[in-house]
*Asks:* 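Structure provided below as structure tokens; questions to follow.
Computed from heavy atoms alone, side chains included, the values below leave out hydrogens, waters and symmetry copies. Convention: sequence-line order gives letters A, B, ...; per-chain numbering from 1. Just so it is clear, the model here is predicted, and its values are computed rather than measured.
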Protein chains: 2
Amino acid sequence: MSSLHDHTHCIADALTRADALCAERGARLTALRRRVLELVWSSHRPRGAYAILEDLSQQDGKAAAPLTVYRALEFLVEQGLVHRIESLNAYVGCAAPGNVHSGQFLVCEACGDAAEIDDPGVGTAITAAAAERGFRVQRPTVEVRGLCKSCQETPR
Amino acid sequence: MSSLHDHTHCIADALTRADALCAERGARLTALRRRVLELVWSSHRPRGAYAILEDLSQQDGKAAAPLTVYRALEFLVEQGLVHRIESLNAYVGCAAPGNVHSGQFLVCEACGDAAEIDDPGVGTAITAAAAERGFRVQRPTVEVRGLCKSCQETPR
DNA sequence: GACATGGGTGTTACTTTATAACGCTTCGGC
DNA sequence: GCCGAAGCGTTATAAAGTAACACCCATGTC
């Protein structure tokens with residue numbers, strides 16, 4: 001993932017899908033929220049709220065307050081356009097918004113990329129394990145640290 | 001879990017096992033570290049570092065600095081005696097130290113209890129999903145939010 | 001026993017991450 | 001055009017985590 005790919009396309013794509021989804025739902029994807037979404041998507045690495053804040057200040061010239069970013073992120077997470085990576089206190093664009101899901105992530109320790117997967121096996125196993133103990137699942141969090149394929153092949 | 005059980009026993013048990021494990025490994029479970037472990041175990045709810053810090057200050061009279069607690073927690077996590085719940089920035093005693101594992105948790109939104117499970121199905125599914133994508137797993141994090149059995153039966 | 005060594009702890013200061021409270025503005029429905 | 005709710009700005013503050021440095025004390029060595 002960290003290798004070459006047309007990332008500009010990833011971003012444009014994400015924005016287009018976001019526009020469509022929000023229009024469909026009647027949710028307000030304001031200029032600010034759209035801009036924050038774009039910044040989250042600036043790579044496939046999870047980005048911290050304060051990193052995004054800095055981008056806003058530096059690239060757009062306006063010195064925003066933390067709350068500005070947090071509120072936008074909150075909206076984006078609610079809409080399923082962005083996921084929060086709990087173990088990193090950071091945010092990453094959702095690869096497949098639209099269908100609700102809570103996200104499973106393979107986070108590479110070397111390059112920092114977070115690959116989102118939606119593995120039915122993992123989901124099923126969690127649901128089963130929970131059910132066995134009478135636990136009602138609301139929101140599963142799966143964040144796997146390790147080494148991605150390309151970083152195993154090209155160690156630094 | 002939040003219901004009645006001899007929690008004094010849980011604590012005593014955890015301390016005894018910790019003593020044994022550290023002796024066996026030649027790790028130094030000092031008075032401070034042992035005390036912090038005891039405070040982590042004061043319930044089955046994950047506790048924040050600052051909550052533990054307050055306990056130390058109030059119950060023991062000595063005003064400790066954050067680092068004191070963080071260092072003790074770091075040691076305990078390394079030894080596998082305590083797990084960190086990423087999605088809560090909090091720590092909880094490990095139910096089955098000794099064998100290395102990274103912990104899977106069912107965290108109840110109502111009572112706050114975090115039940116540790118070690119479900120082979122979940123572990124296997126994650127390993128398989130990762131392998132399929134050429135990802136080498138180092139440390140899986142599984143934290144499931146929802147409602148525990150007793151909180152479903154006795155809603156508040 | 002003296003001594004060196006390294007791990008553990010204390011202390012101060014600081015960074016990063018996140019939220020509270022309040023008011024103004026703007027959008028969208030009527 | 002008016003109104004209510006949602007969005008945004010601003011200031012201040014809380015919560016979580018780390019850096020740097022000094023001291024202490026247990027341990028092993030001579």
*Asks:* Quick one: ring pair (Phe, Tyr, Trp, His ring centres under 6.0 Å) partners of Tyr70(A), sequence neighbours excluded?
*Replies:* none
*Asks:* Starting at CD of Glu74(A) and ending at C1' of dA6(D), how long is that distance when rounded to a whole Å?
*Replies:* 12 Å
*Asks:* Applying side chain to side chain donor-acceptor pair (under 3.5 Å), name anything that partners Gln152(B), two or more places apart in sequence or on another chain.
*Replies:* Arg136(A)
*Asks:* Checking side-chain polar atoms at under 3.5 Å, does His7(B) have a donor or acceptor matched by the opposite partner on His9(B)?
*Replies:* no
*Asks:* Can you build the contact string for nucleotides 12-26 of chain D? Use B for base contact, S for sugar-phosphate-only contact, and - for no protein heavy atom under 4.0 Å.
*Replies:* ----BBBBB------
*Asks:* With the threshold set at under 4.0 Å for non-hydrogen atoms, list the residues of residues 30-41 of chain B touching DNA chain C in residue-number order.
*Replies:* Thr30(B), Leu32(B), Arg33(B)
*Asks:* Test of understanding: with salt bridge (charged side-chain N to carboxylate O under 4.0 Å, His left out), list the residues that count as partners of Asp118(A), not counting sequence neighbours.
*Replies:* none
*Asks:* Hey, could you give me each pair passing side chain to side chain donor-acceptor pair (under 3.5 Å) that has a residue in residues 122-134 of chain B? Not counting sequence neighbours.
*Replies:* none
*Asks:* With sequence neighbours excluded, what pairs up with Arg35(B) under the salt bridge (charged side-chain N to carboxylate O under 4.0 Å, His left out) test?
*Replies:* Glu38(B), Asp60(B)
*Asks:* Going by salt bridge (charged side-chain N to carboxylate O under 4.0 Å, His left out), name the residues that satisfy it together with Glu54(A), two or more places apart in sequence or in a different chain.
*Replies:* none
*Asks:* Do Arg47(B) and Tyr91(B) pair up side chain to side chain, a donor and an acceptor below 3.5 Å, judged on atom types alone?
*Replies:* no
*Asks:* Remaining members of Leu147(A)'s ILVMFWY cluster at a side-chain heavy-atom cut-off under 4.5 Å?
*Replies:* none
*Asks:* Using chain A heavy atoms and a threshold of under 4.0 Å, write down where along DNA chain C the contacts begin and end, 5' to 3'.
*Replies:* dT17(C) to dC27(C)
*Asks:* So which pairs with a foot in residues 67-78 of chain A pass salt bridge (Lys or Arg N to Asp or Glu O under 4.0 Å), sequence neighbours left out?
*Replies:* none
*Asks:* In this structure, is the centre-to-centre distance between the rings of His83(A) and Phe105(A) below 6.0 Å?
*Replies:* yes
*Asks:* Can you give me the bend angle of the helix from dG1(C)-dC30(D) to dC30(C)-dG1(D)? Use the axis through the first five pairs and the one through the last five, nearest 10 degrees.
*Replies:* 30°
*Asks:* Under the 3.5 angstrom rule, does the side chain of Glu143(A) hit a backbone N or O of Glu86(A) as a donor-acceptor pair?
*Replies:* yes
